[in-house]
Amino acid sequence: MAKENHSLTTEFILIGFTDHPVLKSLLFLLFFAIYLITMMGNLGLVALIFMERRLHTPMYIFLGSLALMDSCCSCAINPKMLENFFSEDRMISLNECMVQFYFLCLAETADCFLLAAMAYDRYVAICSPLQYHTRMSMALCIQMTIGTFIASNLHSMIHVGLLLRLTFCRSNQIDHFFCDILPLYRLSCTDPYLNELMIYIFSMPIQIFTIATVLISYICIIFTVFKMKSKEGRGKAFSTCASHFLSVLIFYICLLMYIRPFEKGDKDIPVAIFYTIVIPLLNPFIYSLRNKEVINVLKKIMRNHIHK
């Protein structure tokens, strides 16, 4: 009977960042600029990899897929966040919430698999260079990429389906700038125990598998590099892994900050800014600015454009 006395919530209010007019304007300009740079950086990298035959290798296929997923994450979160800076009601429907979380979960899960695939690719390239084209063929690369998208899609659908079993009849205010899973749990009138259990059952094996793949790959790479007699060879080997290792480090630091006990805390928004806004912004620049092959392709395109 208690449940019948409450009307079920089908719309939420995203509290966001601040109500201060000046701060709202400054934050809007900051996040709008970040959004534009993120989309240009990631989609530009995807286009570059697609158009340049020299970049049609496993490492760049994975990198292009990573950039595509980062674009998905930005498109799911940023437009609504920017709109709400000047919206009077800051409302978001339950269906919009589910769509936001679906694409966020899809992008984050795919990132885990893609970073692990890139670590394995670097392991084969450095530890077994003569067998690289057989052990890391384009056919295997495409299979791994398709498998990543299928597994990430299924993982997202499972958690969105579980979210739809919850009823929301408490406050409809989400103290966040998008529909994240933990704030929704806190507003649920249904016990989210099953949802939390399914996160551990489905998400933890993914994290353990991908982190183990990255760690084992880099341990083998480090041992192989230190066995090299040539300083030039060691430097080249480390330079091929530096961009990927930096991205992995940033991603997993944010992920470990995010995956914590399901309790109310004041770290939701700062951590979410890193994994939904900062990481998609940094990734294309980390890989582009530290990658000689990408820089050479960009220089070639610019020279051709100038000559025309």
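Within the model, atoms CZ of Phe274 and OG1 of Thr276 stand 10.5 Å from one another, a figure rounded to the nearest 0.5 Å. To the nearest 0.5 Å, atom CE of residue Met204 and atom CE of residue Met198 are 14.0 Å apart. Rounded to the nearest 0.5 Å, atoms CG (Leu29) and CD1 (Ile34) are 11.0 Å apart. Interatomic distance, OH of Tyr132 versus OG1 of Thr134, reported as 11.0 Å (0.5 Å rounding). Atom CG of Asp121 and atom CG of Leu63 lie 11.0 Å apart (nearest 0.5 Å). Expressed to the nearest 0.5 Å, how far CZ of Phe168 lies from SG of Cys189 amounts to 8.5 Å.
Within the 4.5 Å cutoff, the side chain of Val124 has no heavy atoms near those of the Gln131 side chain. Ile286 has its side chain within reach of Ile250: a pair of non-hydrogen atoms, C-beta onward, lies under 4.5 Å apart. Side-chain contact between Ile92 and Lys80: present, with at least one pair of heavy atoms (C-beta onward) separated by less than 4.5 Å. Between Leu94 and Phe12, the closest side-chain pair of non-hydrogen atoms falls below 4.5 Å. For the pair Asn172/Leu187, no side-chain contact is recorded, criterion being any heavy-atom separation below 4.5 Å from C-beta on. Looking only at side-chain heavy atoms (C-beta outward), Arg135 and Tyr120 come within less than 4.5 Å of each other. For the pair Val214 and Phe245, the minimum side-chain heavy-atom distance is 4.5 Å or more.
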* To do: List the steps and the verdict of side-chain contact (heavy atoms from CB on, under 4.5 Å) for Phe86 and Ser25.
  => CA-CA 9 Å; Phe86 299 107; Ser25 300; 4.2 Å; yes

* disulfide bond (SG atoms under 2.5 Å apart) between Cys127 and Cys220, intermediate numbers included -> CA-CA 7 Å; Cys127 300; Cys220 293; 5.6 Å; no

* To do: Assess whether ring pair (Phe, Tyr, Trp, His ring centres under 6.0 Å) is satisfied between Phe251 and Tyr275, documenting all intermediate values.
  => CA-CA 7 Å; Phe251 179 80; Tyr275 72 80; 8.9 Å; no

* To do: Just do the salt bridge (Lys or Arg N to Asp or Glu O under 4.0 Å) check on Asp19 and Arg90 with the steps written out, would you?
  => CA-CA 11 Å; Asp19 287 323; Arg90 291 178 288 189; 3.1 Å; yes

* Trace of the side-chain contact (heavy atoms from CB on, under 4.5 Å) decision for Cys75 with Phe103 -> CA-CA 9 Å; Cys75 284; Phe103 281 107; over 6 Å; no

* Stepwise side-chain contact (heavy atoms from CB on, under 4.5 Å) check, Ser247 with Tyr252 -> CA-CA 9 Å; Ser247 286; Tyr252 280 109; over 6 Å; no

* **Verdict with supporting geometry, Ile61 and Thr57, side-chain contact (heavy atoms from CB on, under 4.5 Å)** => CA-CA 6 Å; Ile61 299 294; Thr57 63; over 6 Å; no

* Between Phe178 and Phe101, does a ring pair (Phe, Tyr, Trp, His ring centres under 6.0 Å) hold up when you go through it step by step? -> CA-CA 8 Å; Phe178 71 97; Phe101 180 72; 8.7 Å; no

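Linking ILVMFWY residues whenever their side-chain heavy atoms come closer than 4.5 Å, directly or via other members, places Leu104 and Leu106 in the same cluster. Under the 4.5 Å side-chain heavy-atom criterion for grouping Ile, Leu, Val, Met, Phe, Trp and Tyr, Ile77 is connected to Phe32 within one hydrophobic cluster. Tracing side-chain contacts under 4.5 Å through hydrophobic residues (I, L, V, M, F, W, Y), one never reaches Leu140 starting from Met138; they form parts of separate clusters. In terms of hydrophobic clustering, with Ile, Leu, Val, Met, Phe, Trp and Tyr side chains grouped at heavy-atom distances under 4.5 Å, Ile253 and Met118 are assigned to a common cluster. Using a 4.5 Å cut-off between side-chain heavy atoms of Ile, Leu, Val, Met, Phe, Trp and Tyr, with links allowed through other members, Phe202 and Val160 fall into different hydrophobic clusters.
Heavy-atom neighbours of His133 NE2 from other residues, nucleotides or ligands within 6.0 Å: at or below the threshold of 12. Counted within 6.0 Å of CE on Met228, heavy atoms from surrounding residues, nucleotides or ligands total more than 12; the atom is thus considered enclosed.
Glu11 contributes no side-chain N or O that, together with a main-chain N or O of Met91, makes up a donor-acceptor pair within less than 3.5 Å. Judged purely by atom type and a 3.5 angstrom limit, Ser93 uses its side chain to pair as donor or acceptor with the backbone of Glu96. In terms of modelled atom types and a separation under 3.5 Å, the side chain of Ser152 and the main chain of Ala110 share a donor-acceptor contact. For Asn283 (side chain) and Asp70 (main-chain N/O), no donor-acceptor pair under 3.5 Å exists by modelled atom type. In this structure, the side chain of Ser71 engages the main chain of Ala67 through a donor-acceptor pair within 3.5 Å. Judged purely by atom type and a 3.5 angstrom limit, Gln173 has no side-chain atom pairing as donor or acceptor with the backbone of Ile13. Counting only distance, with no hydrogens or angles, the side chain of Thr148 and the backbone of Met144 share a donor-acceptor pair below 3.5 Å. One N or O on the side chain of Asp191 and one on the backbone of Tyr193 form a donor-acceptor pair closer than 3.5 Å. Checking side-chain atoms of Asn78 against main-chain N and O of Ser74 turns up a donor-acceptor pair under 3.5 Å. Formation of a donor-acceptor pair under 3.5 Å by the Asn195 side chain with backbone atoms of Leu162 is found in this model.
Between Ile37 and Leu281, the shortest heavy-atom distance links the atoms CG2-CD1, 3.6 Å. Listed here is the closest heavy atom pair of His176 and Pro183: CD2-CG, 3.5 Å. Across all their heavy atoms, Leu184 and Cys179 have their closest contact at CD1-CB, 4.4 Å. Across Pro192 and Leu166, no two heavy atoms sit closer than the pair CA-CD2, 4.2 Å. Across every non-hydrogen atom of Thr109 and Cys105, the tightest pair is OG1-O, 2.7 Å. Between Asp175 and Ile269, the closest heavy-atom pair is O-CD1, 3.9 Å.
Ring pair Phe85/Phe17 is parallel by interplanar angle, where below 30° counts as parallel and above 60° as perpendicular.
Take Arg165 and apply the salt bridge (Lys or Arg N to Asp or Glu O under 4.0 Å) test, not counting sequence neighbours, and it matches no residue. Considering only residues two or more places apart in sequence or on other chains, Phe113 meets the ring pair (Phe, Tyr, Trp, His ring centres under 6.0 Å) condition with none of them.
Every pair passing side-chain hydrogen bond (donor to acceptor under 3.5 Å, both in side chains) that includes a residue from residues 211-225 is listed here, sequence neighbours excluded: Tyr218-His244.
With no hydrogens or angles considered, a side-chain donor-acceptor pair links Ser87 and Asp89 at under 3.5 Å. Checking Thr145 against Ser65 by side-chain atom types alone, no donor-acceptor pair falls below 3.5 Å.
If you run side chain to side chain contact (heavy atoms under 4.5 Å, CB included) between Thr38 and each of Pro280, Pro284, Cys73, only Pro280 comes through.
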